[in-house]
Each structure stands twice: as structure tokens, then as C-alpha cells.
2 protein chains.
Amino acid sequence: MESEQAILALAALAQSTRLEVFRLLVKHEPDGLAAGDIARELAVPQNTLSSHLSILSRAGLVSAQRFGRSIIYRAELGRLQSVVLFMLRDCCDGRPEICAPLIEGLAPCCQPKSKSKRRVHV
Amino acid sequence: MESEQAILALAALAQSTRLEVFRLLVKHEPDGLAAGDIARELAVPQNTLSSHLSILSRAGLVSAQRFGRSIIYRAELGRLQSVVLFMLRDCCDGRPEICAPLIEGLAPCCQPKSKSKRRVHV
DNA sequence: AGTATATTTCTATAATTCCAGATATATGGA
DNA sequence: TCCATATATCTGGAATTATAGAAATATACT
């Protein structure tokens, strides 16, 4: 990822409505949500939301697919991953001990059910 | 982490100079770098840089400690972690399969030396 | 074709952010 | 105390962004 794309993504997320939209879409993965449903859920005028969606889309953080009259939006988690990797680039090279704790600290987000035992995936 | 803090951090990173500063400090972990050295390295006027540093600092993304006349800045990776966790919150609850690949995909950033074999840490 | 629904694009105003010059503060040394 | 160094704050003008009203586009149904 290039710096310019990272900034585009970070700027897209650095606005309350758009951050809410993204989190809402993350919550609705992998089904996605129609633009109108998002507007209703977040109580934002549809044209305002539309321009926010377009910014998120340009940043690659969401994707859109038309179904009939509705357009379904989905969060692009891979893009988020790329942004984080960009920020950590050159940090780890040769010194994994610096950012390893960071990555490990993210893991719990995916294992809410198991309390402390770490489960090795098979 | 609250939404307001996340936006503060994202907005802080969504600007080219500040993103460069943060990445530079990540690269210089855990030693940190003096404000003047950062300004020199990135060829930014010191007063401009100072205000950028203050924004990063207010966002919790860097910390500062004075040593004599210099002020040493360090990246706060824990803050970055909190921001990412905030964005993924409510996603995983009950459905780890959604964001697990995301987290796993970040791991390689910390293991540049080993090619494909995954090394279990002891 | 005509009407209703879903979403986007155009537009203008208000608010915010970026930048660097000038100035101020803090530390260390003669 | 006086001077040099390191960094921060104040200031104002230029550029960017946020917001929502109005109009346009796309689809579906009758």
C-alpha cells in the first residue's frame, strides 16, 4: 500500500458518521447493508450518507453491489488490514519483538467465547 | 476506547506529514527521536512539525519526554491497537471467523525472517 | 408510458484544517 | 546575567471538508 491510499483510508474513517458506517458494516459482515438501511439506522439524510459512502468507497474501505433498486454495501476488512500493515512497515524488520505484542493483543477480539486458554487452530 | 478518541487518532494519522512522523517513530522504537531530528529527517519547518507533534500527542499516538533541551518522542503502539480494536468491536462477538483472517494476516509483519514456516513462540 | 422507490450528483454555505512567519518559553553553558 | 539551542505557541490567510437542499439517474411495478 502507498502512503496516499493509506491517508485516503484514514481520512475516510476520521469522521464520526463514516466511522459509524464502517463499524456498522463490519458488524453486518458478510451480508452487508443497503444504503437506505444505513441512513435509517444512523438517522442521517440519504444524500449526506451517500456522499459519505462514496468517500469510504473511494478509499477502498467499502464495496457496493446493486441488487434491484438497492445498493448493498459491505466492509472491506482487507483494506483495513493493509492500512495497519502500512503503518507497521519497516518496524518489524529484524525486530519482531516491537510489534509482536501489538498483533497478539488484537487476537482476543476474535475469541470472545474462550476465556484465557489459547486455542491452536487446526 | 470511545468513538471520539478513535476519530482523534484517525484524524491525526490522516495527514501526510503526521503519518510519516508516526511511521518514523514506529521505526525508531523503542528509542524514540528528538523533535529536531524528526524535523530534519522529514525536512519540515520546526514550528509546523511541533504543531503536528502536538496533534499526534493529543491523540495519544505519541508520547514525549524531555531530556535536557531536547524532547524525545516515541510511538504509542498500544494506542494504535486500541483504535483497531475499536473498529472491530462487535464484529467478532459470536462470529470469530469474520475477523480472524484479518488478525492472522497481520502476523507476517512480525516475522520477516522466517519464510513460510510458522514458528510457535515459547 | 407513468408513477413510486432507491440512490447519486450538483451546488453553495459554514466550519475546519494546513501552513509557516513571528514570537515566546525552557534549558544549558560561558 | 547573557547568549545559543531546542521546542512550543500565536496569528492570519489559503485550502479543504461537512452538510443538506434541489435536481438527476436508475430500477421496478402497473
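Each chain gets a letter, A, B and so on, in the order the sequences are listed, and its residues count up from 1.
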Integer-rounded Å distance: D/dT5 C1' and B/Asn47 CG: 16 Å
Does a side-chain N or O from B/Gln15 land closer than 4.0 Å to OP1 or OP2 of D/dT16, or not? no
What is the distance from CZ of B/Arg58 to C1' of D/dT9, rounded to the nearest Å? 12 Å
Kindly point out which of C/dC18, D/dT5, D/dA8 is positioned nearest to the side chain of B/Arg69? D/dT5
According to a strict under-4.0 Å criterion, is B/His52 in side-chain N/O contact with OP1 or OP2 of C/dT17? no
Any donor-acceptor N/O pair under 3.5 Å between D/dA8 base and B/Gln46 side chain: yes
Please report the distance, rounded to the nearest Å, between CZ in A/Phe67 and P in D/dT27. 14 Å
Starting at atom CD of A/Glu20, determine the distance to atom P of D/dA18, rounded to an integer number of angstrom. 14 Å
By the 4.0 Å heavy-atom rule, please label A/Ala34 as base, sugar-phosphate, or nothing. sugar-phosphate
Can you say whether a donor on the side chain of B/Thr48 sits under 3.5 Å from an acceptor on the base of C/dA20, or the other way round? yes
Using a cut-off of 4.0 Å on non-hydrogen atoms, how would the nucleic acid contact of A/Ala39 be classed: base, sugar-phosphate, or nothing? nothing
Check: B/Leu19 and A/Phe86 side chains under 4.5 Å, non-hydrogen atoms: yes
Tell me the interatomic distance from B/Gln65, atom CD, to D/dT7, atom P, rounded to whole angstroms. 14 Å
Residue whose closest nucleotide on DNA chain D lies nearer the 5' end, A/Arg18 versus A/Gly68: A/Arg18
What's B/Ser50 touching, base or sugar-phosphate or nothing? Going by heavy atoms closer than 4.0 Å. base
Tell me whether the side-chain N/O atoms of A/Tyr73 come closer than 4.0 Å to OP1 or OP2 in C/dA6. no
Compare all side-chain heavy atoms of A/Leu25 with those of A/Leu56 and state whether any distance is below 4.5 angstrom. no
Rounded to whole Å, please give me the gap between CG in A/Leu49 and C1' in C/dT8. 11 Å
Which of the following nucleotides, C/dT7, D/dT19, D/dA18, is nearest to the side chain of A/Thr17? D/dT19
Rounded to whole Å, the CG-P distance (B/Leu53 to C/dA20) equals 14 Å
What closest approach, in Å, do A/Ile72 and A/Asp31 show between heavy atoms, and which atom pair accounts for it? CG2-O, 3.8 Å
Is the shortest heavy-atom distance from the side chain of A/Val84 to the side chain of A/Gln81 under 4.5 Å? no
Determine whether B/Leu106 and B/Ile98 fall in the same hydrophobic cluster, where Ile, Leu, Val, Met, Phe, Trp and Tyr are linked whenever their side-chain heavy atoms lie under 4.5 Å apart. yes
Integer-rounded Å distance: D/dA8 P and B/Arg66 CZ: 8 Å
